[in-house]
Amino acid sequence: MPGHLFYGSYEIYPDEFEFTTETLADGKNFGERCELVRYRIDDIENITTPLQFSIIGMRAMPREMYSPCEELQQRLDTSPKAQSYGLKASCQDNADGSRSVTLLENNKSIAAEEAQKVLDSIDSAKVEGVWEFTITSIEK
């Protein structure tokens, strides 16, 4: 979820984005997805530094080939953190396309509250930011 781009007195909304590469998580290694974000700047010759932009958060988009519970199980099976925490969950697909998830089991060395927090994070498929970046020089 890209944020706005700022330079001088300008605030530019993201115009479009596309995914460029993806490496899926496998239960031992985290996955990686690269995304290209474009901002439409009409007066490119007069752009000034610093440019500042942010990433507001990240979200794993559900895949159409999985039901909501299959999607969650796929994430649990491929999440290194879920594996190390020994997370096991029950899941019920709801008629409205959502799911109900209950923690069933976790490693005894992990507090139940911490295991639940990790399960909730995996279930939400979101990582909240904000991450801010500054570009201080531009080659023209």
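A donor-acceptor pair shorter than 3.5 Å cannot be found between the side chains of N107 and S109. In the model, S67 has a side-chain atom that pairs as donor or acceptor with a side-chain atom of D93 under 3.5 Å.
In this structure, the side chain of S124 engages the main chain of K126 through a donor-acceptor pair within 3.5 Å. In terms of modelled atom types and a separation under 3.5 Å, the side chain of N94 and the main chain of D96 share no donor-acceptor contact. Of the possible polar contacts, none joining the S79 side chain to the L76 backbone as a donor-acceptor pair under 3.5 Å is found. Side-chain atoms of T20 come within 3.5 Å of backbone atoms of C34 as a donor-acceptor pair (strictly under, hydrogens ignored). A donor-acceptor pair under 3.5 Å is absent between the side-chain atoms of R33 and the main chain of E22, judged by distance alone. Between the side chain of T78 and the backbone N or O of Q74 there is at least one donor-acceptor pair closer than 3.5 Å.
Between F53 and F133, the two ring planes are parallel [angle under 30°; tilted spans 30° to 60°]. Note: F17 and F19 have perpendicular aromatic rings, judged against thresholds of 30 and 60 degrees for the angle between ring planes.
Contact of the L5 side chain with the Y13 side chain is not registered, since no non-hydrogen atoms from C-beta on lie closer than 4.5 Å. Residues I138 and L51 have side chains in contact (heavy-atom distance under 4.5 Å, counting atoms from C-beta outward). When side chains are defined from C-beta on, K28 does not count as touching P80, because their heavy atoms never get closer than 4.5 Å. Looking at heavy atoms from C-beta onward, P14 lies in side-chain contact with H4 at the 4.5 angstrom threshold. For the pair D120 and I122, the minimum side-chain heavy-atom distance is 4.5 Å or more. Put simply, the side chain of E70 does not reach to within 4.5 Å of the side chain of P68, judged on heavy atoms.
The neighbour count for Y10 OH, taken as heavy atoms of other residues, nucleotides or ligands under 6.0 Å away, does not exceed 12.
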Please lay out, stage by stage, how R38 and E18 fare under the test salt bridge (Lys or Arg N to Asp or Glu O under 4.0 Å).
CA-CA 9 Å; R38 290 184 182 93; E18 66 182 73; 3.0 Å; yes

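The two atoms that bring Y7 and D43 nearest to each other are OH-O, 4.5 Å, heavy atoms only. Across every non-hydrogen atom of I110 and A115, the tightest pair is CG2-N, 3.9 Å.
Hydrophobic clustering, with ILVMFWY side chains joined whenever heavy atoms are under 4.5 angstrom apart, groups V37 together with W131. Note on V127 and V130: separate hydrophobic clusters, where clusters join Ile, Leu, Val, Met, Phe, Trp and Tyr whose side-chain heavy atoms are under 4.5 Å apart, directly or indirectly. Residues F6 and M1 are members of separate hydrophobic clusters, defined by side-chain heavy-atom contacts under 4.5 angstrom among Ile, Leu, Val, Met, Phe, Trp and Tyr. Transitive grouping of hydrophobic side chains (ILVMFWY, heavy atoms separated by less than 4.5 Å) brings I44 and Y39 into a common cluster. A continuous path of hydrophobic side-chain contacts links I135 to I55 [ILVMFWY only; heavy atoms under 4.5 Å].
Between R75 and D123 there is no salt bridge, since no side-chain N of the basic residue sits under 4.0 Å from a carboxylate O of the acidic one.
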